[in-house]
Each structure stands twice: as structure tokens, then as C-alpha cells.
There are 2 protein chains.
Amino acid sequence: MPESDYPDIRELHLFSDMADEHFLSLMRGAYVQNFPPQIELITEGDPSDFLHIILSGSVDLFSTWNGRETSMATVRPISTFILAATVKDAPYLMSAQTLEKSRIALIPSQDVRAVFDADGNFARAIVTELAQCYRSVVKVQKDLKLRTSLERLANYLLRKQKNAGGAAEFDLDYEKKRLASVLGMTPENLSRAFKGLQPYGVSVNGARVRIGDQEDLERFAKPNPLIDDFTT
Amino acid sequence: MPESDYPDIRELHLFSDMADEHFLSLMRGAYVQNFPPQIELITEGDPSDFLHIILSGSVDLFSTWNGRETSMATVRPISTFILAATVKDAPYLMSAQTLEKSRIALIPSQDVRAVFDADGNFARAIVTELAQCYRSVVKVQKDLKLRTSLERLANYLLRKQKNAGGAAEFDLDYEKKRLASVLGMTPENLSRAFKGLQPYGVSVNGARVRIGDQEDLERFAKPNPLIDDFTT
DNA sequence: CGCTATGTTGATCCATATCAATAAGTGTGG
DNA sequence: CCACACTTATTGATATGGATCAACATAGCG
């Protein structure tokens, strides 16, 4: 891996507190690759040989069963994915494919496990990261089980708006087909759901979304920090 | 906490490898309580002051939003729950209530975090446990998004059968109302789903389930290790 | 033994999926 | 740069899974 990539990775919570020596040992065994769009990086069920770190681009995590497919999450720089499989030395539960041209670092899983044993700060960082991942999935499960698709979309838009700085207008960051799958619905239903939010001041034009009256939408969506906050 | 409870707890993966000194320090700060059925032990949103360990009985983890409620999981002895909130020092994402008379140990969260820093084996055990929890929730999410309720029930029954030792008959281990909620459906729908599985050899009488032809049911259910295996 | 909660069944309604057709983008090669 | 092909998005019509409402049965439990 080119040393120019080190600083970006070092800044991740996961690596920021570990000893230089250990960090460098991980980096020396790692390599970086550029992938074109739509490349399947990993397939669910495969052994987890590498911890992946996305440096640029974006990656879709998805799962399949019996001919059906669903998007589980989207990963964006700079972050790791499939940490749980790596530390458990267990098969991947999700597949991953690049959505666009992406630069991805690969650290051999056994190196991660070895350094984990040697570096307390790294171990602690892994715990924090895993706890975060776990809590995120629990929130998604609550979203899926407690809300209708219209409510999920409304809350999704409010979350997006929030991390777009609260602007009334912002762009969806991936295609609607994928958004539909992430939210657990069909593209047709998503299309109608956007219509269904018009009475609450939501309008869409291509990827551009406008939230005309945030409070009105919130009255409908009833966002809840225990489902919608990504920081807690 | 009475010392007689120590051995059971010590056997948990989470505590089995840590130094005696640290284990005892955790136990000294902990206490054990007997709760009657239907007691709400924790409420989602509350600060996570204690790591809970269920010693006997059973506990339902559930969440609510906007007047709706759903069962997220059931915890049985001997295991911990709400580990992620404890290590992150973040609010509980789920509420917990006893389903029956239950004996529960409470370890102050700050003790857990302190010992975590001091004991590498404990840290490693926490990582493994968290990774396991994470992967379980991912499996549930796949189950919810990729399968119909009939398919979820069929696979649930096959899993139960498996850990009942493969017997053709076994008992559901909680009331159908709760099972319905766990599987993400209404009690009425569960009742009909059991009927819907009759053509595949499933019959029910109260809590007693009989799987007449496992292979036939499997042909319908299409169980998948990446969703239904709890060990991987 | 009755009371209350749970489970079943039926009728109906609603949300969402599916199927089909069209429109609008998007990228590619001439 | 345009024309074509192909994917994505929208819209409508319809089907269906599942929820809701209501009535009744049943099982625990005091």
C-alpha cells in the first residue's frame, strides 16, 4: 500500500489510538486496489480473509436468498466493513459490490486478529466500532418492524436533511432503486411513497428532494433518537 | 451477590478467560435480584447503568414507537444482554421485561468498562460477543427483508426442531402472541400461517408442534446457514 | 368456578407487491 | 454530437400478503 494512504486510514477511530508499530505492521501487510463500478468484492458465505476499508467511491452491502435480493447498507469513505466476520473468523453474511469507481484497502484478517491481541487500544477501538455497528442494525430492525414504508421514507428524508446541514433541498445520494431496497420496498412503491409525502410538503425532482415544511413532515414522521440518530 | 452464583457466570464465554482478580472485582460490585414476571427491567432510552446477566427465567427485549410495540429477541439463561449499550455508555435501544420469575445479575457498567481496560482476555471476549450479537441481528434483518411471514415461520420451526435435537415433536418456548411479534406479524396472521404450513406436514396443538415431514418443510422453507444458523 | 388473557376463525380493508406500459435518463459507439 | 440501446423511474391496473375488526373458543389462573 502506498504510504500516502496511511494518514487517511490512521484517522479512523479504529486505528487512531493504536501504537505506531502495530499500525505500520498492519499497513505493511495490506494492499490497495482500484475497482471499477459494479464489481462484486465479496460474496456472502465466503471466508472473511480481509478487513476492507473504503478510501473513495462507495460500496453496497447486500444479501440474497431464494432469488430475492436486498440492500442492507451502503458504505462510504472513510470506513471499514465486515469487521465482525473478520474478528470472528466466520463467513461473510453479506455480499459487497462497488457502486462507482472505488479505492479499497484490504488488510488480511489474521493480521487484524494478531494485532488485536497485541494492542489494547486497538482492541478497545474494535469494541467501540462493533458496538456501533450492532446498534445501527438494531435501529434498522426497529425501523422495519415498527414503521410503514411511508414512515420509513419520511424519517429517512429527515435524517438526510439533517446531515445535509438542515438545508431545505438536497440530493439523494444513490439511485431510487437502491434506496427502495434499503428501505425495504419496491421501486414502484417508493415512487408512490414520494407522492404520499407531498401533503407534508415533500417534492422530488430527479435526485433533488425539497422539504418544504420540516415541522409538518416531522409531525407525520415522528422521528425518534432511538431509531434515527446515528450518533447515539 | 452470593458466591454460589459465581461459577455459573464464570462459565460464560464473556468471563471464562479473564483473570481471577478482575472477575472477582466485577462480582464484588455486582448484585443479584429475583424479579416476578412482567416486570420492566429497563426502558429504552434510559442510560445503561448495568450490564445484565440472566441466571434463570426469561426476558423479552422489545421496542416501541408511536404506540406500536415489537419483540426484538428473547434472552434465556445463562447470557448477558445490553452489552453494546454498556460498552458505548449509550442509552438502551430496547426495553426489557421478565416473562417469568427471573433471577438477574447486575454489574455496574462502569466496572465493566474499567475491567475491560485492564484485562486483555476480557476485552477479546467482549469483541467476540459483540460480533456474535451483530451477526445475529444482521441475520434477523435478512430474514425480515427477504422472506414472507410464512417462510419466516417455516424456518423458525426448523431452527427450533434442530435445537430440540431433531425431534419430530417439540414445544414452542413462548406464547404465540410473542412469537408472532418476534417474527414480525400479528397473532391472527401467525394462526393462519400455521394452517398454511399444514400442506407441508406441520401440525400444532397448543404449544406442541409436530413436523411430519422435515424434508418437505425444508423444500418449502429453504433454510440457509447465512440466515438460520446461530453458530456461524 | 368464573374471570381474564390468549388463541382461533371469519369478514373486510389496506398496504405493498406484481405485472405491464410508457417515459425519462444515461452511456456508448458511430 | 447525435442516435441507439439499455437501464431506471414513473404510472396504472390488479393481485395478494398481511392487518384490522369482531366474534367466539379456550386455557390459565386466582
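As a basis for the values below, the full set of heavy atoms in this structure was taken, side chains included, without hydrogen atoms, waters or symmetry mates. Order of the sequence lines fixes the chain letters, A, B, ..., with proteins taken first and strands second; residue numbering starts at 1 for each chain.
Ring planes of A:Phe81 and A:His52: tilted class, angle from 30 to 60°. Ring-plane geometry between B:Phe50 and B:Tyr31 is classed as perpendicular, the angle between the planes exceeding 60 degrees on a 0 to 90 degree scale with a lower cut at 30.
Checked for salt-bridge contact, B:Lys160 and B:Asp171 miss the test: no charged N lies under 4.0 Å from a carboxylate O.
In this structure, the CZ atom of B:Arg68 is 8 Å from the P atom of D:dT20, given to the nearest Å. Taking atom CZ of residue B:Arg147 and atom C1' of nucleotide D:dT16, one finds them 20 Å apart after rounding to whole Å. Atom CE in B:Met185 sits roughly 12 Å away from atom P in C:dT8 (whole-Å rounding). Protein atom CD of B:Gln198 is 11 Å distant from nucleotide atom P of C:dT8, rounded to whole Å. One can place CD of B:Glu100 at 15 Å from P of D:dG28, the figure rounded to the nearest angstrom. Atoms CG (B:Leu144) and C1' (D:dG18) sit 14 Å apart, rounded to a whole Å. Remark: P of D:dG17 and CG of B:Leu153 are 15 Å apart, rounded to the nearest angstrom. Rounded to whole angstrom, the span from the NZ atom of A:Lys145 across to the P atom of D:dA19 amounts to 11 Å.
A salt bridge (charged side-chain N to carboxylate O under 4.0 Å, His left out) with B:Asp229 holds for exactly one of B:Arg135, B:Lys162, B:Lys142, B:Lys139; it is B:Lys162.
Looking at A:Arg192, its side chain comes within 3.5 Å of the base of D:dG12 through a donor and an acceptor atom.
Among the nucleotides C:dT6, D:dT8, C:dT16, the one closest to the side chain of A:Asn189 is C:dT16. Side chain of A:Lys176, nearest nucleotide from D:dC21, D:dG18, D:dT10: D:dT10. You'll find that the side chain of A:Glu188 is closest to C:dT18, out of D:dT20, C:dT18, C:dG7. Nearest to the side chain of B:Lys177, among C:dA11, C:dG7, D:dA13, sits C:dG7.
Taking 4.5 Å as the limit, some side-chain heavy atom of B:Val32 sits within range of a side-chain heavy atom of B:Leu55.
For B:Ser149, a side-chain nitrogen or oxygen approaches OP1 or OP2 of D:dG18 to under 4.0 Å. The phosphate of D:dG18 (OP1 or OP2) has no side-chain N or O of B:Thr186 nearer than 4.0 angstrom.
Among the atoms of the strands shown, only primed sugar atoms or phosphate atoms (P, OP1, OP2) are found under 4.0 Å from some heavy atom of B:Thr148.
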